[in-house]
Every structure is written in structure tokens, then in C-alpha cells.
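Shown next, in C-alpha cells, is the structure this report addresses.
Treat the numbers as computed from the prediction; the structure is a model and nothing was measured.
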Amino acid sequence: MRQQASFVFGSLVFLLLVTTNSWAAEPSDPETAIRLMIRANAEKDLPALSRLMAHDADIVSYTVGGRKYVGWPDFEREMREEFVNAQKIEIPITELKVWTKGDLAWFAMEVDYIRYVGEGSAVKRTVLPLRETGVLERRAGRWQLLSWHESFRSAQLGGPLASPSAAAGAQKLVTTAPASMPDVSGDWDILEVEDEKRYKATLDKSGNGPYTQQGGRFVTTKIENRLWQGTWYQPGNDREGGFEVLLSDDGKEAKGIWWYTRVDTRKNIPPKEHGGTYHWKKVPSSPASSQ
């Protein structure tokens with residue numbers, strides 16, 4: 001696996017960077033506050049983010065992969081890492097709806113979190129299609145983000161940007177009805193998108209098994225509502241990490257992300273800070289193997 005893009009995606013993709021003059025007045029409405037947060041993240045302005053986010057010690061927020069933040073310090077630490085690792089960040093908003101009642105507001109938003117890592121001809125571009133929801137409160141006349149939750153959109157996961165209208169038409173809600181665990185056993189062709197690196201995995205029904213890259217092995221930790229999560233280990237180059245992909249409706253494809261948690265002796269790599277995007281395709285079984 002390639003050490004490249006840094007995903008925060010505990011990256012609450014809310015952000016904001018504003019010029020000094022723009023802070024002369026507080027945002028007069030919650031939508032303006034949200035857009036300022038987006039701008040701050042894109043322009044890597046942590047003080048601006050801090051200003052528009054509440055720091056209550058008991059506030060709980062969630063990002064992709066079940067990543068959980070309690071209070072401000074954990075989130076601040078990961079955003080500092082993200083801002084150092086990403087050469088450039090772009091966060092176009094494709095959809096935003098805000099509701100307000102008194103001093104409370106809540107929103108639903110879709111964005112594309114676009115990261116550029118590297119320099120010159122080696123720059124790599126990664127797109128994370130995300131869906132955001134959250135709650136804001138007006139405190140002393142200032143709108144602040146309290147709690148938020150983000151997840152991948154089911155369409156275009158890890159793929160190229162689509163126009164807002166095309167993306168909206170392609171998206172499907174993930175069912176919340178109880179479902180049996182999909183059978184992911186068999187051979188999978190795996191593509192690491194940014195480097196066009198290809199290899200094969202052979203998995204059992206639990207989603208565990210070897211793959212043909214540095215003697216690697218996948219271990220599945222959870223599959224629920226088509227969201228497939230797990231870990232990987234490569235003894236060939238002494239690296240390990242995690243992955244999260246979204247299965248297609250027919251269970252024959254999966255798209256998502258992978259990241260490092262350890263490289264050689266370096267063990268303090270924050271989850272989703274360095275990695276890339278995946279595209280998995282299940283290899284059809286031959287008639288002989290299905291008998």
C-alpha cells in the first residue's frame with residue numbers, strides 16, 4: 001500500500017477560514033456560520049474553526065468508520081495533522097439545507113472533500129464524497145456548531161466528482177432494516193485508485209484472507225448495511241492499517257478508503273491520516289467451483 005493522502009476524515013468536513021476583515025462581524029445566521037466553517041477547513045484556518053465550534057467537554061460527534069470525538073481536543077489534534085499533511089484542500093458544497101427554531105439550528109449537507117498531497121508532478125488528488133448533519137446553537141449572539149455526524153454518500157464513493165444534479169439522481173438511501181451478513185467469500189480484484197496498483201484477495205465468508213501484495217492479509221471487523229470495515233497487515237514491508245468500503249447493492253463491488261496505522265517502527269499514525277481509495281470487484285466463480 002502506498003503512503004500518500006492523509007484523510008481526516010474524522011475530518012469533519014466542516015471548516016472554515018475567513019480573512020481577518022471578515023471576522024469584524026459575527027455571522028448573522030446559521031447557514032453563514034456553516035459556510036464559514038467549510039471555508040476555514042479548506043483554507044486550513046484552525047483558529048477560525050475553533051471560534052465557530054463549541055468546546056463543551058461532553059459534546060459527542062462522529063465521522064466515517066465510527067470515529068468518535070468527545071470535546072474539542074481530539075478533533076483539534078487531528079485537524080492540525082490534516083492541515084500539515086495536505087498541500088491543498090477544496091470542499092465544494094453540493095447541497096445544504098438549514099432549519100432554525102429560536103436559538104437552535106440543524107442542517108443536512110453534502111460536500112466533496114478534495115485533498116491534494118505531494119508537490120509538483122507528484123501531487124495526488126483524492127475525492128471523498130461525504131454527507132453531513134449537525135446542530136448549532138446561538139450563544140451570546142454567535143452561532144456555534146455543537147455536534148455533528150458525517151458518513152460517505154452511497155453514490156460515487158471514492159470516485160470522480162459528478163455534477164450536483166447527477167450525484168443527487170444516483171444516490172440511494174441505505175436501508176436500516178435488519179439484513180443477513182452478505183457473503184463476501186471468494187476472489188476479489190482490488191485497485192488502489194491513485195497509483196493504479198492492482199492485486200487480488202481471497203476471502204472466506206467472514207471476510208478474512210490473504211491478498212497478493214507484500215504477503216498481505218485482510219481481517220474483517222464489521223459488515224453492516226453494506227458498510228464493510230476491517231484491518232490489513234503486510235509483513236512484506238512491515239505495514240498495517242485499516243479499510244472501509246461500501247458494498248454495491250448486488251455485493252459484487254465495493255468502493256472506499258484504506259489507511260495506515262503503522263509503518264515500520266512508527267506506530268503513532270492517526271487513523272485515516274495516510275492512505276488512499278479502493279475499488280474492489282468480485283471475481284465471478286467458475287461453474288466448477290460453484291458445484
Review point. In terms of side-chain geometry, is the basic nitrogen of E194 or K124 positioned less than 4.0 Å from the acidic oxygen of its partner?
Key: no
Check your understanding: Should the ring pair F75 and Y69 be called parallel, tilted or perpendicular, given that the plane angle runs from 0 to 90° and is split at 30 and 60?
Key -> perpendicular
**Study point:** Side-chain ion pair, K200 and D189, N-O less than 4.0 Å
**Key:** yes
Practice item. Measure the CZ-CD distance between F83 and E78 for me, rounded to the nearest 0.5 Å. Key: 12.0 Å
Exercise for review: Indicate if I93 and L49 have the same hydrophobic cluster label, given that clusters are the connected sets of ILVMFWY residues with side-chain heavy-atom separations under 4.5 angstrom.
Suggested key: yes
Practice item. Take D204 and S185 through the side-chain hydrogen bond (donor to acceptor under 3.5 Å, both in side chains) test and state the conclusion after the steps. Key: CA-CA 4 Å; D204 60 23; S185 62; over 6 Å; no
Exercise for review: May I ask you to decide if A33's main-chain N or O and W143's side chain share a donor-acceptor pair within less than 3.5 Å?
Suggested key: no
Point to revise | N208 side-chain N/O to T220 backbone N/O, donor-acceptor pair under 3.5 Å | key: yes
Point to revise | ILVMFWY cluster, L52 and L96 together (side-chain gap under 4.5 Å) | key: yes
Exercise for review: State whether the side chain of W259 and the backbone N or O of E244 hold a donor-acceptor pair below 3.5 Å, judged by distance alone.
Suggested key: no
Review point. For A86, does its backbone N or O pair with a side-chain atom of K44 as donor and acceptor, under 3.5 Å?
Key: yes
Check your understanding: About how many Å separate CG of L203 and CG of D187, when rounded to the nearest 0.5 Å?
Key -> 8.5 Å
Check your understanding: Between R226 and D249, is there a side-chain N and carboxylate O pair less than 4.0 Å apart?
Key -> yes
Exercise for review: Before giving the answer on side-chain hydrogen bond (donor to acceptor under 3.5 Å, both in side chains), spell out for Y116 and E90 the whole-Å C-alpha distance, their side-chain angles and the decisive distance to 0.1 Å.
Suggested key: CA-CA 9 Å; Y116 297 83; E90 297 174 343; 3.1 Å; yes
Check your understanding: Do the side chains of V60 and K68 get nearer than 4.5 Å, heavy atoms only?
Key -> yes
Exercise for review: Determine, using the 4.5 Å side-chain heavy-atom cutoff (strictly less than), whether I34 and I59 are members of one ILVMFWY cluster.
Suggested key: no
Review point. Using 30° and 60° as the class limits, which term best fits the ring planes of F218 and W280: parallel, tilted or perpendicular?
Key: tilted
Point to revise | Trace of the side chain to side chain contact (heavy atoms under 4.5 Å, CB included) decision for E110 with T94 | key: CA-CA 6 Å; E110 294 185 359; T94 58; 3.4 Å; yes
Exercise for review: Taking the side chain as every heavy atom from C-beta outward, state whether E150 and R131 have any pair of such atoms under 4.5 Å apart.
Suggested key: no
Point to revise | Between CG on residue L227 and CG on residue L247, distance to nearest 0.5 Å | key: 8.5 Å
Anything under 3.5 Å between a donor and an acceptor, one on a side chain of residues 97-108, the other on a protein residue two or more places apart or in another chain? List them.
unit_1: D103; atom_1: OD1; unit_2: R138; atom_2: NE; d: 2.9
unit_1: D103; atom_1: OD1; unit_2: R138; atom_2: NH2; d: 2.9

Review point. Please walk me through it: do V70 and D58 pass side chain to side chain contact (heavy atoms under 4.5 Å, CB included)?
Key: CA-CA 6 Å; V70 180; D58 60 347; 5.8 Å; no
Exercise for review: Compare all side-chain heavy atoms of T133 with those of M109 and state whether any distance is below 4.5 angstrom.
Suggested key: no
**Study point:** Gap between atom CZ of R139 and atom CD of Q144 - 0.5 Å precision
**Key:** 6.0 Å
Exercise for review: Report yes if the side chains of V111 and P92 come closer than 4.5 Å at any heavy-atom pair, otherwise no.
Suggested key: no
Check your understanding: So, the side chain of S248 versus the backbone of A254: is there a donor-acceptor pair under 3.5 Å, distance only?
Key -> no
Exercise for review: Indicate, with yes or no, if the rings of W188 and W228 have centres closer together than 6.0 Å.
Suggested key: yes
Check your understanding: Quick one: do Y199 and W258 end up in the same hydrophobic cluster if we chain Ile, Leu, Val, Met, Phe, Trp and Tyr together by side-chain heavy atoms under 4.5 Å apart?
Key -> yes
Check your understanding: Side chains of Y211 and R217: do they bring a donor and an acceptor to under 3.5 Å?
Key -> no
Exercise for review: Before accepting this row, confirm whether a basic side-chain N of the pair K282/D250 lies closer than 4.0 Å to the acidic partner's carboxylate O.
Suggested key: no
Check your understanding: Going by heavy atoms in the side chains, are E240 and T231 under 4.5 Å from each other?
Key -> no
Point to revise | same_hphob_cluster(M53, V135) at 4.5 Å side-chain heavy-atom cutoff | key: no
Point to revise | Ion pair check, E196 and R198, cut-off under 4.0 Å | key: no
Check your understanding: Taking NZ, NE, NH1 and NH2 as the nitrogens, is one of them in E81 or R77 under 4.0 Å from a carboxylate oxygen of the other?
Key -> no
**Study point:** Flag side-chain contact, heavy atom, 4.5 Å: E253 against H279
**Key:** yes
Check your understanding: Say you draw a straight line from CG of L136 to CG of L146; how long is it, rounded to the nearest 0.5 Å?
Key -> 6.5 Å
Check your understanding: Do the side chains of I223 and V184 get nearer than 4.5 Å, heavy atoms only?
Key -> yes
Check your understanding: Backbone N or O of Q229 within a donor-acceptor pair of the T221 side chain at under 3.5 Å?
Key -> yes
Revision key, fill the gap. In terms of heavy-atom contacts, S61 and S147 come closest through OG-CA, 3.5 Å
Point to revise | Contact list for residues 34-55, test ring pair (Phe, Tyr, Trp, His ring centres under 6.0 Å), sequence neighbours left out | key: H55-W72
Practice item. Search all heavy atoms of I190 against all heavy atoms of A201 and return the closest pair with its distance. Key: CD1-CB, 3.7 Å
Check your understanding: Does the pair D238 and R262 meet the rule for a side chain to side chain contact (heavy atoms under 4.5 Å, CB included), with working shown?
Key -> CA-CA 8 Å; D238 197 21; R262 183 181 65 80; 2.9 Å; yes
Review point. Does a side-chain heavy-atom distance below 4.5 Å link V117 with Q87?
Key: no
Point to revise | Pair Y278-I257, side chain to side chain contact (heavy atoms under 4.5 Å, CB included): steps then yes or no | key: CA-CA 5 Å; Y278 266 150; I257 61 173; over 6 Å; no
Review point. Could you state the interatomic distance from CD (Q214) to CD (Q234), rounded to the nearest 0.5 Å?
Key: 6.0 Å
